[in-house]
Participant: 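Pasting a structure here, questions to come.
Since the structure is predicted, the reported quantities are computational estimates derived from the model, not experimental observations. We name chains A, B, ... by the order of the sequence lines, and we start the count at 1 in each one. What you see below is based on every heavy atom in this structure, not just the backbone, and it leaves out hydrogens, waters and symmetry mates.
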2 protein chains.
Amino acid sequence: MTLADTNSWRGIQTELLRRINEREWLPGGLVPNEADLAQEFGCARATVNRAMRELADAGLLDRRRKAGTRVALHPTSRVILDIPIIRLEVEQRGAEWRYGLVESRVTPAPLALTSRLGLPRGTEMLHVTGLHYADNRPFLHEDRWININLLPMARDADFSQVSANEWLIQHAPYTGGDIGFSAMNADARLAELLDASEGSALFVVDRITWDKDTPVTSVRLSYAPGYRMNTKI
Amino acid sequence: MTLADTNSWRGIQTELLRRINEREWLPGGLVPNEADLAQEFGCARATVNRAMRELADAGLLDRRRKAGTRVALHPTSRVILDIPIIRLEVEQRGAEWRYGLVESRVTPAPLALTSRLGLPRGTEMLHVTGLHYADNRPFLHEDRWININLLPMARDADFSQVSANEWLIQHAPYTGGDIGFSAMNADARLAELLDASEGSALFVVDRITWDKDTPVTSVRLSYAPGYRMNTKI
DNA sequence: CAGATTAATATGTGCAGACATATAAAACAA
DNA sequence: TTGTTTTATATGTCTGCACATATTAATCTG
């Protein structure tokens with residue numbers, strides 16, 4: 001071992017990582033078992049377990065009881081995206097955030113939506129659209145449908161003062177969601193709202209949020225041209 | 001406790017999740033300390049610790065020594081994207097994958113690239129471009145630069161037989177990378193290659209891979225129109 | 001030989017106890 | 001009052017041990 005050779009959980013993990021990265025342990029190859037590694041590193045088995053478990057969670061190791069631990073053959077790199085509140089995302093860029101409501105009304109949701117949400121066709125939902133600005137330039141367009149049967153107080157919320165994005169975070173617990181990322185050409189209306197030219201490529205995030213099996217909200221975020229979502233492996 | 005009331009760390013975790021989701025513990029509010037929770041659940045402190053640590057990693061709890069544990073105020077939802085080998089991604093869609101090399105040659109890298117990679121300007125790199133097909137329809141365009149100083153064997157690889165994507169996974173260890181997602185309008189060349197119309201919105205992934213501080217490869221993947229990257233929270 | 005049973009083994013999880021470490025709060029000093 | 005030192009406390013981590021569980025490998029049985 002070179003550095004971080006403390007027999008701490010982290011030290012062991014970086015050493016294991018090194019052996020994987022430098023092909024000391026070949027992809028698909030069997031790795032010594034926990035007990036042996038614990039002896040080698042002079043630590044308890046639980047410590048080795050913790051180091052290896054995280055690597056398995058990250059997809060670098062495959063572990064199975066009795067069969068042992070192997071170096072993953074196809075290390076599908078796992079990317080973690082932090083999706084922040086839009087206001088914070090803008091402010092982190094050092095820009096001033098502002099929100100402008102475009103429209104807010106209760107109306108029957110389109111069939112495509114109700115069917116995806118598993119609601120009866122024609123269900124009334126609260127449709128809120130608005131623009132988020134960064135330094136007074138359009139940053140993204142938010143097109144949202146809210147399940148008012150689940151969230152009746154949403155009827156009385158003033159979305160010209162608080163963005164639907166933040167109102168929901170404050171008031172609507174959820175247990176899971178589906179997210180999709182795609183690219184779309186701006187239609188005339190979106191182009192105008194985003195101050196872009198028609199046909200510009202927009203980065204689009206679609207998201208449906210659930211509270212157990214009940215849909216909470218469905219939103220489409222269309223970012224102004226040039227937006228880029230960054231992260232690290 | 002209702003179900004999963006075993007005093008296992010999973011059972012405890014779901015119970016903690018419930019209290020958070022149902023606002024039993026308010027956002028920003030202080031949570032009982034590990035010792036107290038351990039007593040309440042009738043388990044060891046280590047078990048509570050494990051349950052809470054994962055929730056903290058997921059961003060739902062904020063923990064600080066001495067200060068205690070609080071329910072996160074801004075639960076930035078954390079999304080995990082699995083980025084698979086392109087061949088597998090195509091095959092998982094039930095389509096037949098095929099790769100076609102467009103061009104492969106050693107040439108000085110453009111300034112924009114060398115500066116981002118921290119290489120001397122004019123450094124020679126291996127430039128490989130190719131198309132991945134799904135059922136003989138263009139699926140994505142891969143435009144890749146490989147650091148041949150780090151990977152001299154890449155010179156002799158036959159990228160008409162193996163995609164650069166897979167060759168690198170086999171031969172090039174890496175320790176980290178930067179990824180960016182964005183949307184771009186197809187230029188004439190890309191439109192033709194992807195069998196799309198000029199100006200179509202393309203979903204684009206840019207990725208630079210590092211082995212410690214040395215750049216391994218930089219790639220831009222431009223997906224054919226209609227592509228959507230999905231995941232769950 | 002084929003199928004069912006049993007044993008062996010590596011990981012998964014749990015417990016009690018100990019010490020380490022960060023840090024908020026209290027006590028103290030200038 | 002203000003800055004510094006001390007103390008108390010909650011989390012972070014490690015140990016050694018035990019038992020659970022999945023699953024392979026060996027063994028038995030018809």
Participant: Take a 6.0 Å sphere around CZ of B/Arg23 and say whether it holds more than 12 heavy atoms from other residues, nucleotides or ligands.
Facilitator: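 Count over threshold, so yes.
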
Participant: Atom CG of A/Asp36 and atom C1' of C/dT11: how far apart are they, to the nearest Å?
Facilitator: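 For the pair A/Asp36 CG and C/dT11 C1', the rounded distance is 13 Å.
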
Participant: Are any of the side-chain nitrogens in A/Asp62 or A/Arg70 under 4.0 Å away from the carboxylate oxygens of its partner?
Facilitator: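 Here A/Asp62 does not pair with A/Arg70 in a salt bridge, since their nearest N and O are not under 4.0 Å apart.
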
Participant: When you measure from every atom of DNA chain D, which of residues 45-53 of chain A have a heavy atom less than 4.0 Å away?
Facilitator: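 Contacting residues: A/Arg45, A/Ala46, A/Thr47, A/Arg50.
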
Participant: What residues from residues 64-71 of chain B pass a heavy-atom cutoff of under 4.0 Å to DNA chain D?
Facilitator: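 Contacting residues: B/Arg64, B/Arg65, B/Lys66, B/Gly68, B/Thr69.
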
Participant: Measure from CZ on B/Arg63 to P on C/dT23 and round the result to the nearest Å.
Facilitator: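 Taking atom P of C/dT23 as the reference, CZ of B/Arg63 is at 14 Å.
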
Participant: Under the side chain to side chain donor-acceptor pair (under 3.5 Å) criterion, do A/Thr217 and A/Arg144 qualify, and how do the steps go?
Facilitator: CA-CA 7 Å; A/Thr217 180; A/Arg144 185 181 291 274; 3.2 Å; yes

Participant: Between atom CG in B/Asp62 and atom C1' in C/dT23, what is the gap in whole Å?
Facilitator: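 So the two atoms are 16 Å apart, to the nearest Å.
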
Participant: What is the distance from CD1 of B/Ile12 to P of C/dC15, rounded to the nearest Å?
Facilitator: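 In whole Å, C/dC15 P lies 7 Å from B/Ile12 CD1.
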
Participant: Should B/Asp206 and A/Arg228 count as an ion pair when the cut-off is N to O under 4.0 Å?
Facilitator: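 Looking at B/Asp206 and A/Arg228, the cut-off is met.
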
Participant: Measuring to OP1 and OP2 of C/dT13, would you say a side-chain N or O of B/Trp9 lies under 4.0 angstrom away?
Facilitator: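 Answer yes for this pair, as a side-chain N or O of B/Trp9 is under 4.0 Å from OP1 or OP2.
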
Participant: Of the candidate nucleotides D/dT13, D/dG12, C/dT11, which contains the atom at the shortest distance from the side chain of B/Glu34?
Facilitator: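 The answer is D/dG12.
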
Participant: Counting N and O atoms only, with roles assigned by atom type, does the side chain of B/Asp211 sit under 3.5 Å from a partner on the main chain of B/Thr214, one being a donor and the other an acceptor?
Facilitator: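 No, the answer is negative, given that no donor and acceptor are paired below the 3.5 Å cut-off.
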
Participant: Roughly, in whole Å, what's the span from CD in B/Gln39 to C1' in C/dC15?
Facilitator: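 My rounded result for the distance is 15 Å.
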
Participant: In whole angstrom, what separates B/Glu54's CD from D/dT11's P?
Facilitator: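 My rounded result for the distance is 17 Å.
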
Participant: Could you check which of C/dT13, D/dG16, D/dT13 has an atom nearest any side-chain atom of A/Ala44?
Facilitator: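 Minimum distance to the A/Ala44 side chain belongs to D/dG16.
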
Participant: Can you tell me if CD on B/Gln39 sees more than 12 non-hydrogen neighbours from other groups inside 6.0 Å?
Facilitator: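 Incorrect, the count does not exceed 12.
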
Participant: In this structure, how many angstroms lie between the C1' atom of C/dT11 and the CG atom of A/Asp57, rounded?
Facilitator: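 My rounded result for the distance is 13 Å.
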
Participant: Do the side chains of A/Glu22 and B/Lys212 get close enough for a salt bridge, i.e. N-O under 4.0 angstrom?
Facilitator: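 Salt bridge: yes.
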
Participant: Nearest whole angstrom, please: distance from the P of D/dT23 to the CG of A/Asn33.
Facilitator: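 Whole-Å distance recorded here is 18 Å.
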
Participant: Check this for me: A/Asp158, atom CG, are more than 12 non-hydrogen atoms of other residues, nucleotides or ligands nearer than 6.0 Å?
Facilitator: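 Result for CG/A/Asp158: enclosed.
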
Participant: May I ask you to check whether A/Tyr133 and A/Trp97 place their ring centres under 6.0 Å from each other?
Facilitator: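 No.
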
